[in-house]
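Letters A, B, ... are given to chains in the order of the sequence lines, protein chains preceding strands, and every chain is numbered from 1.
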Amino acid sequence: MPELPEVETVRKGLEKLVLGATIKSVDVYWDRIIAGSIESTEFKQLLIGEKITGFDRRGKYIVFHFKNWALVSHLRMEGKYEVEESTVPLKKHTHVVFHLADGRDLRYLDVRKFGRMTLVPLGEEYSMTGIRLLGPEPTKEAFDETTFFNTLLTKKRAIKPLLLDQKIVAGLGNIYVDEALFAAKIHPLRMANSLKKQEVSQLHEAIIKVLGDAVEAGGTTIRTYQNALGEAGKFQVKLSVYGKKGIPCIRCGTPIEKIKVAQRGTHFCPHCQLLTSVQ
DNA sequence: CTGTTCTCCTGTAAGC
DNA sequence: TGCTTACAGGAGAACA
């Protein structure tokens, strides 16, 4: 599933392939993909003749910029964009097609139909629901360690679901949360307000590193992209715990365990990530 | 206000 | 072999 690194890779791919393109018409095959107050009928009308002037990203949201509008797109679990000549037959699970003036299509596909795109007047893209309440980007510059520590002190909740909440820090999903907690040697069920300053410091560093490394890995394959956006990068990222149930921990050899935390599959090393805080 | 559970979706894998 | 059931999960709504 796309988390921040994959979304950033998709953004770069879109920039490379369709920046400056003009939309000739739009087809929507699954109305619920189009969210917000502008519904699909109006959505299709308003985008006719609009030129894509830029692509931005905030957390896991991709923001298309037009002269008068912004299109905020969230891929959720399995959303993806593809660029094809408009003569190429549509694949199964194609829900939105932007026909471009140059004869190509920008197509949105999504097997589970969880993804959403919202059209808003230019200038309102960062104040809309979802994007407005996002925490800082997980970078050294934007993500302040002291603020993070102080926020965690006020939260009586397990650390994993808290990190999945995009209000604390933007961009983490189920995979990279497990990876960051493993890197910081913190058990996913530890109460946020029980974490010591040193642990929060390690976690802060791990989040920045895990996501940063993955962004870099995604970026290395960008040149190989032709039509599909955001797929190739995944192969470059090597994971330590996610999906490694039963496999020896790379640090201590103990088999990785899988449990459920807040309905999510959660992977951790029972030896490196102790629940009892004996530090 | 805070924290938890439910809901949306469909393909894949497991179970009988 | 073929049917049924469990599972995967981001984020917003509904609920406690």
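- Computed from coordinates, the A:Ile33 CD1 to C:dA11 P distance equals 15 Å when rounded to whole Å.
- Using a cutoff of 4.0 Å between basic side-chain nitrogens and carboxylate oxygens, A:Lys12 and A:Glu15 are not scored as salt-bridged.
- In this structure, the CG atom of A:Leu133 is 18 Å from the P atom of C:dG10, given to the nearest Å.
- Remark: C1' of C:dC7 and CE of A:Met77 are 11 Å apart, rounded to the nearest angstrom.
- Classified by interplanar angle (parallel below 30°, tilted 30° to 60°, perpendicular above 60°), the ring pair A:His74/A:Tyr61 is perpendicular.
- As a whole-Å value, the separation of A:Glu78 CD from B:dG11 P is 10 Å.
- Annotation: of the two residues near DNA chain C, A:Thr129 and A:Lys260, the 5′-most nearest-nucleotide partner is A:Lys260.
- An OP1 or OP2 oxygen of C:dG10 is reached within less than 4.0 angstrom by no side-chain nitrogen or oxygen of A:Tyr176.
- Contact check for A:Leu163 versus A:Leu181: side-chain heavy atoms found under the 4.5 Å cut-off.
- Note on A:Gly130: only backbone sugar-phosphate atoms sit closer than 4.0 angstrom, heavy atoms only; bases stay farther off.
- Residues A:Lys91 and A:Glu84 are not paired through a salt bridge, judged by the lack of any N-O separation under 4.0 Å between the basic side chain and the carboxylate.
- Taking the six-membered ring where the residue is Trp, A:Phe55 and A:Phe64 present perpendicular rings, their angle passing 60° and hence far from 30°.
- A 4.5 Å side-chain heavy-atom check between A:Arg190 and A:Glu199 finds at least one atom pair inside the cut-off.
- As rounded to whole Å, 15 Å separates atom C1' of C:dA16 from atom NZ of A:Lys156.
- Of the candidates A:Glu125, A:Glu8, A:Glu137, A:Glu137 is the only one forming a salt bridge (charged side-chain N to carboxylate O under 4.0 Å, His left out) with A:Arg58.
- Closest-nucleotide positions on DNA chain B for A:Asp110 and A:Met191 were compared, and the one nearer the 5' end corresponds to A:Met191.
- Rounded to whole Å, the distance from NZ on A:Lys167 to C1' on B:dT4 is 13 Å.
- For the pair A:Lys67/A:Lys51, no side-chain contact is recorded, criterion being any heavy-atom separation below 4.5 Å from C-beta on.
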Wobble G-U and Watson-Crick pairs count when both distances are under 3.5 Å; given that, what is the 5' to 3' dot-bracket string of DNA chain B, with | for pairing to other strands? .|||||||||||||||

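- Using a 3.5 Å distance cut-off with no hydrogens or angles, the side chains of A:Ser73 and A:Tyr81 do pair a donor with an acceptor.
- For the pair A:Gln166 and C:dA11, the criterion of a side-chain N or O lying under 4.0 Å from OP1 or OP2 is met.
- Judged purely by atom type and a 3.5 angstrom limit, A:Arg57 uses its side chain to pair as donor or acceptor with the backbone of A:Gly59.
- For the pair A:Leu164 CG and C:dG9 C1', the computed distance is 10 Å after rounding to whole Å.
- Regarding contacts with the backbone of B:dT10, every side-chain N or O of A:His93 stays at 4.0 angstrom or more from both OP1 and OP2.
- Dashed line: the shortest gap from a side-chain N or O of A:Lys92 to OP1 or OP2 of B:dG11 is under 4.0 Å.
- Listed by residue number, the members of residues 57-65 of chain A with any heavy atom below 4.0 angstrom from DNA chain C are A:Lys60, A:Tyr61.
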Quick one: which protein N/O atoms are closer than 3.5 Å to N/O atoms of nucleotides 5-9 of chain B? Pair and distance per line, please.
| from | atom 1 | to | atom 2 | distance (Å) |
| --- | --- | --- | --- | --- |
| B:dC9 | OP1 | A:Arg32 | NE | 3.2 |
| B:dC9 | OP1 | A:Arg32 | NH1 | 3.3 |
| B:dC9 | O4' | A:Arg112 | O | 3.3 |

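- For the residue pair A:His267 and A:Asp178, a side-chain donor N or O sits within less than 3.5 Å of a side-chain acceptor on the partner.
- Summarising the geometry, the separation between CG on A:Leu75 and P on C:dG10 is reported as 12 Å, rounded to the nearest angstrom.
- With contacts defined as side-chain heavy-atom distances shorter than 4.5 Å, the pair A:Phe148/A:Pro136 does not qualify.
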